[in-house]
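As structure tokens, the structure follows; a few thoughts come after it.
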There are 2 protein chains.
Amino acid sequence: MAKNYLRSIRLLSECMQLFELASARTVRQFGLTHSQFDIIATLGNTPGMTCKELGEKTLITKGTLTGVLDRLEQKGWIQRERGNDDRRQLFIRLTAEGERLFDEVFPQVVATGARRFTDYADEDFDTLEQALIKLKQHLSDAV
Amino acid sequence: MAKNYLRSIRLLSECMQLFELASARTVRQFGLTHSQFDIIATLGNTPGMTCKELGEKTLITKGTLTGVLDRLEQKGWIQRERGNDDRRQLFIRLTAEGERLFDEVFPQVVATGARRFTDYADEDFDTLEQALIKLKQHLSDAV
DNA sequence: TATTGTTATACTCTATAACTATA
DNA sequence: TATAGTTATAGAGTATAACAATA
């Protein structure tokens, strides 16, 4: 069993690396780091969210998050707003300029990735998706 | 097509995150960073390799690699040895202590991961593997 | 007392470019 | 000239713990 599992995980990791190699290049052309893109992409098409929520979605711990948000705020891409119901919370959301960035960079990252899927048939996607859904289920349950 | 592709990539990334969440904890308990573990794991069960080769396998660029290797050398886990045929090259390999570390940490990371695969049948692995192999093929070709 | 987010600390990774030594 | 690896530089991410404001 362990051998099967190692082989699958290695494949998983190799696929991610191949994919990220391409997207990283695009992301960097926009002057964004991986973490920064992660946050812009998470905030895109949402009304914003608290730091806590943002940290949970991006898996960035709160201390680190402050620094990353500082840099994004400094560049004018996000803004912080103190919550009304709970004044401890900060709502983070994209500024108009941040949305413009999102609208530009996100489709481009998607396109770069999509170019790699030429000839990938619907049934190929289905098979892959089913397998990954099952895997994800297992990985989640086992925590 | 783009939608299918996004869904698959998101799943891929979520699976990796779930998996790495567990392994990262184990790795950190041994005082290793992700990059450091990557190198130890790459060198394990090999007679060693050049910096160039190591950099290609781990996707760490040469300037960065020097620093990571410095820290590993300082802790006595790897050693550098000047090549004989080509005196520009350095052969990196695990020290006895590095191998001991590898023998301890690697199975534990594997075990932590494997625990999440209980009930995962051979055919589940086969399906997943086939789908991932096909995906990897596509991603590689499309570069 | 508990929670949200910031600050402070210390370290590691990162890309890049200039450099040394070999080839 | 080209290649293998180091050094220097300037950011950026990371975990952790102590902290302030609010609940």
Side-chain angles (χ1 to χ4, degrees), chain A residues 17 20-43 48-75 77-93, chain B residues 17 20-43 48-75 77-93:
Chain A
Q17 282 193 337
E20 279 178 353
L21 211 63
S23 70
R25 241 188 315 242
T26 311
V27 164
R28 236 178 308 119
Q29 279 167 1
F30 284 89
L32 291 167
T33 65
H34 183 286
S35 299
Q36 290 171 1
F37 172 73
D38 211 5
I39 286 174
I40 299 280
T42 305
L43 290 174
M49 60 191 76
T50 63
C51 284
K52 185 172 154 60
E53 211 176 335
L54 199 51
E56 281 162 359
K57 295 206 188 215
T58 57
L59 294 184
I60 298 176
T61 53
K62 60 181 181 178
T64 305
L65 192 58
T66 299
V68 180
L69 291 179
D70 283 348
R71 275 159 233 130
L72 288 173
E73 192 178 30
Q74 213 169 5
K75 293 188 178 175
W77 289 326
I78 61 141
Q79 65 187 73
R80 291 159 151 120
E81 203 174 311
R82 187 60 63 184
N84 281 326
D85 341 338
D86 187 335
R87 308 230 358 109
R88 287 173 305 183
Q89 297 182 327
L90 278 181
F91 279 96
I92 314 296
R93 64 159 177 242
Chain B
Q17 282 194 336
E20 279 178 354
L21 211 63
S23 70
R25 241 185 318 241
T26 311
V27 164
R28 235 178 307 120
Q29 277 166 1
F30 284 89
L32 290 168
T33 65
H34 182 284
S35 298
Q36 290 170 1
F37 172 74
D38 210 5
I39 286 174
I40 300 279
T42 305
L43 290 173
M49 61 190 77
T50 63
C51 285
K52 184 172 153 61
E53 210 175 336
L54 198 51
E56 281 162 1
K57 294 203 190 219
T58 57
L59 293 184
I60 298 175
T61 53
K62 60 181 183 180
T64 305
L65 191 59
T66 300
V68 180
L69 291 178
D70 283 348
R71 274 157 234 131
L72 288 173
E73 192 178 31
Q74 212 168 4
K75 292 187 178 173
W77 289 326
I78 61 141
Q79 65 186 73
R80 290 158 153 123
E81 203 174 310
R82 187 60 62 182
N84 280 327
D85 341 337
D86 186 336
R87 306 222 8 101
R88 289 173 304 183
Q89 295 181 328
L90 279 182
F91 280 95
I92 314 296
R93 64 156 177 246

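These values consider heavy atoms only, across backbone and side chains, with no hydrogens, waters or symmetry-generated copies. Below, read A as the first sequence line, B as the second, and so on, with proteins coming before strands; counting in each chain starts at 1.
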Item to complete: Take the protein atom CZ of A:Phe37 and the nucleotide atom C1' of D:dA12, then report the distance between them rounded to whole Å.
Response: 18 Å
Worksheet item: Do the side chains of B:Ser35 and B:Thr58 get nearer than 4.5 Å, heavy atoms only?
Response: no
Fill in: Shortest non-hydrogen contact from B:Val68 toward B:Gln36
CG1-CG, 4.0 Å
Item to complete: Report the distance from atom NE2 of A:His34 to atom CG of A:Leu32, rounding to the nearest 0.5 Å.
Response: 11.5 Å
Item to complete: Can you measure from CD1 (B:Ile40) to CG (B:Leu72) and round to the nearest 0.5 angstrom?
Response: 5.0 Å
Worksheet item: To the nearest 0.5 Å, what is the distance between OG1 (A:Thr50) and NZ (A:Lys52)?
Response: 7.5 Å
Fill in: B:Ile39 side chain reached by B:Ile60 side chain, heavy atoms, under 4.5 Å
yes
Worksheet item: Please give, in whole Å, the distance from D:dG5 C1' to B:Ile39 CD1?
Response: 14 Å
Worksheet item: Between C:dA15 atom P and A:Leu32 atom CG, what is the distance in whole Å?
Response: 16 Å
Discussion item. Between P on C:dT6 and CG on A:Leu72, what's the gap in Å once rounded to a whole number?
Written reply: 13 Å
Item to complete: Identify, residue by residue, the members of residues 79-93 of chain B with a heavy atom below 4.0 Å from DNA chain D, and return them in order of residue number, or none.
Response: B:Arg80, B:Arg88, B:Gln89, B:Leu90
Worksheet item: In Å and rounded to the nearest 0.5 Å, what is the CZ to OG distance from B:Arg28 to B:Ser23?
Response: 9.5 Å
Worksheet item: Over how many whole Å does the gap from B:Asp38 atom CG to C:dT12 atom C1' extend?
Response: 15 Å
Worksheet item: Got a sec? Which of residues 53-70 of chain B come in under 4.0 Å of DNA chain D, heavy atoms?
Response: B:Lys62, B:Gly63, B:Thr66
Worksheet item: Over how many whole Å does the gap from A:Arg25 atom CZ to C:dT16 atom C1' extend?
Response: 16 Å
Worksheet entry | Residue pair B:Ile92 / B:Leu43: nearest heavy atoms and the distance that separates them | O-CD2, 3.6 Å
Item to complete: Take atom NE2 of A:His34 and atom P of C:dA15, then tell me their distance rounded to the nearest Å.
Response: 13 Å
